[in-house]
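Order of the sequence lines fixes the chain letters, A, B, ..., with proteins taken first and strands second; residue numbering starts at 1 for each chain. FYI, side chains are in, hydrogens and waters are out, and symmetry mates aren't considered; it's all heavy atoms of this structure.
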2 protein chains.
Amino acid sequence: MLARGKGIAVWRQVSEILEAGMADGTWGRGARLPTEAELALRFGVNRHTVRQALRDLADRGLVRAQQGSGTFVERAPLTYPIGPRTRFSDIVVAQAREPSGLLLAETAEPASPLVAEALRLRPGEPVIRLETTRHADGVPISWAVSAFPAERFPDMAAVYRETGSFTAAFRAAGVADYVRAETRIGARIADALDAERLEIAIGRPVIEIDCVNSDLEGRPIQWARARFAGDRVRVTVG
Amino acid sequence: MLARGKGIAVWRQVSEILEAGMADGTWGRGARLPTEAELALRFGVNRHTVRQALRDLADRGLVRAQQGSGTFVERAPLTYPIGPRTRFSDIVVAQAREPSGLLLAETAEPASPLVAEALRLRPGEPVIRLETTRHADGVPISWAVSAFPAERFPDMAAVYRETGSFTAAFRAAGVADYVRAETRIGARIADALDAERLEIAIGRPVIEIDCVNSDLEGRPIQWARARFAGDRVRVTVG
DNA sequence: TATAATCGTCTAGAACTATATACAACTCAT
DNA sequence: ATGAGTTGTATATAGTTCTAGACGATTATA
């Protein structure tokens, strides 16, 4: 059950198993985990080791221990459904968590062949490029690079800087609604940049999602490549 | 770059970073890795720690060290492209590796609502259910549960037992070609069953892929849920 | 052949992880 | 109020990991 000698501390493995139990619904928000003594017996480890694992979970805000009472689930990993209208803030709020984000970088630059194709532009046409991160309750969930046709959305960066919302920025540019035209999902291993932006260890699993959003006339308005912390998110399709 | 105090040994992190470098093409098969001294300098660790990482890679068959010469890539993680025709054996052979697999279990049983829907059957209609694992060069890559309409493929288990190939089994049942009708990709954490079948530690990343294959008339012929060892596979879409 | 480069092995000490035992402090049920 | 259950803290020991330094063995190059 627990691997030893493989370079992953036993406490870490216990911590991850418990976290998986929260993600798969075994223990929902507010649920009481088994006692330390019980977990120690189950995992066949010393109670101190279990405490270390629980401490890790507590440090990450996933559980809260109450002396004499037990350890309770504060929040489970985020379920991130991909559908026609995928709106980060709505998803996070719907799970009683507070969304926030950061604009890391903004440039106006010529579209690369990949971006040009996705946005149905000629390579070299100007696009607005934004790098952003997304948090739930202050915990990094994803970071992304997005590209927008510069001609149609010249103020994208300014509005996003102000509002922190793509939906708001699109609305300000006259796009009242938009839908997901295309999604590609892959599994990656966190590199140094992921590690920094998502506050995870290099080598941890990362879900990479490439997508194109279109307005209701079918014109592409956004290409994005997002990388999610695989330990913090469960992606569902449909 | 390297996280300390997070329960993942430094050597393990170095090992995983090097493995990622092999996966993303930085070092292809046969390529010579940087020297131990160089890697120690780069990672800011003791050479002994680097040696531990390389030892791990060698133990897993990914590299081969030659004294006085260097350390060379034996093989990189498997790149697993998902497309209209996704055939495990072809993918593995194309990467100069030897595919193999095991039939773990076979039953004829009534279709669950999920399977029935995917195969356009009524719940309770009989399906052939197979549990299989897939290996490359003897290393477990994935395990899967598949379901087939029993009426159309009554001999699926027997033929698969003989040939170890779904493609061959379909052909024997008169389906000369089939395509991927639907794919759902998620990231999971390895549970006890994954750990056993994939020979990985519980808690390691697992890529879960639910799919439906159809014949060329669009009739669903197979539902499958596969779980890939995230450390051994890179999934690409398209 | 000699030299430089590189992996392999060895010894030693410090830091981290895991186990064991015990007691304190708090919560909850009776 | 009392007792049982549970988390919190402390001390000690053993095992593992990481660092450091040195030398041996093999390979590659001039």
Side-chain angles (χ1 to χ4, degrees), chain A residues 1-19 21-22 27 30-74 201-203, chain B residues 1-19 21-22 27 30-74 201-203:
Chain A
M1 187 181 184
L2 296 175
R4 301 195 186 216
K6 293 295 171 75
I8 306 190
V10 171
W11 69 259
R12 168 99 192 202
Q13 292 177 59
V14 171
S15 174
E16 290 181 349
I17 293 173
L18 294 177
E19 186 172 1
M22 293 186 255
W27 299 296
R32 182 168 171 280
L33 296 184
T35 66
E36 296 176 356
E38 223 169 85
L39 290 171
L41 217 54
R42 269 193 216 180
F43 288 112
V45 300
N46 187 271
R47 197 186 126 224
H48 178 86
T49 304
V50 169
R51 289 190 54 73
Q52 186 89 336
L54 292 175
R55 163 82 140 290
D56 173 60
L57 292 174
D59 286 350
R60 292 195 272 147
L62 294 183
V63 302
R64 176 182 46 80
Q66 188 164 4
Q67 183 171 343
S69 188
T71 303
F72 302 85
V73 177
E74 281 278 273
I202 288 178
Chain B
M1 186 180 185
L2 297 177
R4 301 192 185 218
K6 293 295 170 75
I8 305 190
V10 170
W11 68 260
R12 170 97 191 202
Q13 291 177 58
V14 170
S15 175
E16 290 180 350
I17 292 174
L18 294 178
E19 188 174 359
M22 294 186 254
W27 300 296
R32 183 168 172 281
L33 295 184
T35 66
E36 294 175 357
E38 224 169 79
L39 290 172
L41 217 54
R42 271 195 216 179
F43 287 112
V45 299
N46 187 270
R47 195 187 128 223
H48 181 82
T49 304
V50 168
R51 289 188 55 74
Q52 187 89 333
L54 292 173
R55 165 81 140 291
D56 174 61
L57 292 173
D59 287 349
R60 292 193 275 146
L62 294 183
V63 302
R64 178 182 44 81
Q66 189 164 3
Q67 183 172 345
S69 186
T71 303
F72 301 85
V73 177
E74 282 277 274
I202 288 179

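- If you take CZ of Arg51(B) and C1' of dT19(D), they are 15 Å apart, rounded to a whole angstrom.
- Across Leu54(A) and Val63(A), no two heavy atoms sit closer than the pair O-CG2, 3.9 Å.
- When the salt bridge (charged side-chain N to carboxylate O under 4.0 Å, His left out) test is applied to Arg47(A), the partners found at least two apart in sequence or on another chain are Glu36(A).
- The heavy-atom pair separating Trp11(B) from Ala53(B) by the smallest distance is O-CB, 3.3 Å.
- Closest heavy-atom contact between Leu39(A) and Pro34(A): CD1-O, 3.5 Å.
- Distance check, rounded to the nearest 0.5 Å: NZ of Lys6(A) to CG of Asp59(B) gives 9.0 Å.
- Residue-to-nucleotide contacts include a donor-acceptor pair under 3.5 Å from the side chain of Arg47(A) to the base of dG8(D).
- Interatomic distance, Arg51(B) CZ to Thr71(B) OG1, rounded to the nearest 0.5 Å: 8.0 Å.
- Checking Ser69(A) against Arg32(A) by side-chain atom types alone, no donor-acceptor pair falls below 3.5 Å.
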Below 3.5 Å is the cut-off: list the nitrogen or oxygen pairs between protein and nucleotides 11-18 of chain C, distance only.
from: dA18(C); atom 1: OP1; to: Val10(A); atom 2: N; distance (Å): 2.4

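- Scanning both residues, Val14(A) and Phe43(A), for their nearest heavy atoms gives CG1-CE1, 3.6 Å.
- Remark: Gln67(B), Gly68(B) in residues 57-68 of chain B come within less than 4.0 Å of DNA chain D through at least one heavy atom.
- Nearest heavy-atom pair across Gln13(A) and Ile8(A) is NE2-O, 2.9 Å.
- Using a 4.5 Å heavy-atom cutoff, the side chains of Leu33(B) and Val73(B) are in contact.
- The closest side-chain donor-acceptor pair between Ser15(A) and Arg60(A) falls under 3.5 angstrom.
- One atom, CZ of Phe72(B), and another, C1' of dT6(C), lie 10 Å apart when rounded to the nearest Å.
- Taking every heavy atom of residues 31-41 of chain B and every atom of DNA chain D, no pair lies under 4.0 Å.
- For Ser69(A) and dC28(C), the shortest distance from a side-chain N or O to OP1 or OP2 is below 4.0 Å.
- Nearest heavy-atom pair across Leu57(A) and Glu19(A) is CD2-CB, 4.2 Å.
- Contact annotation: Thr71(B) does not reach the phosphate of dT6(C) (side-chain N/O to OP1 or OP2, under 4.0 Å).
- Rounded to 10 degrees, the angle separating the terminal helix axes of the helix from dT1(C)-dA30(D) to dT30(C)-dA1(D), each built from five base pairs, is 30°.
- Among residues two or more places apart in sequence or in another chain, the salt bridge (charged side-chain N to carboxylate O under 4.0 Å, His left out) test is passed with Arg64(B) by Glu74(B).
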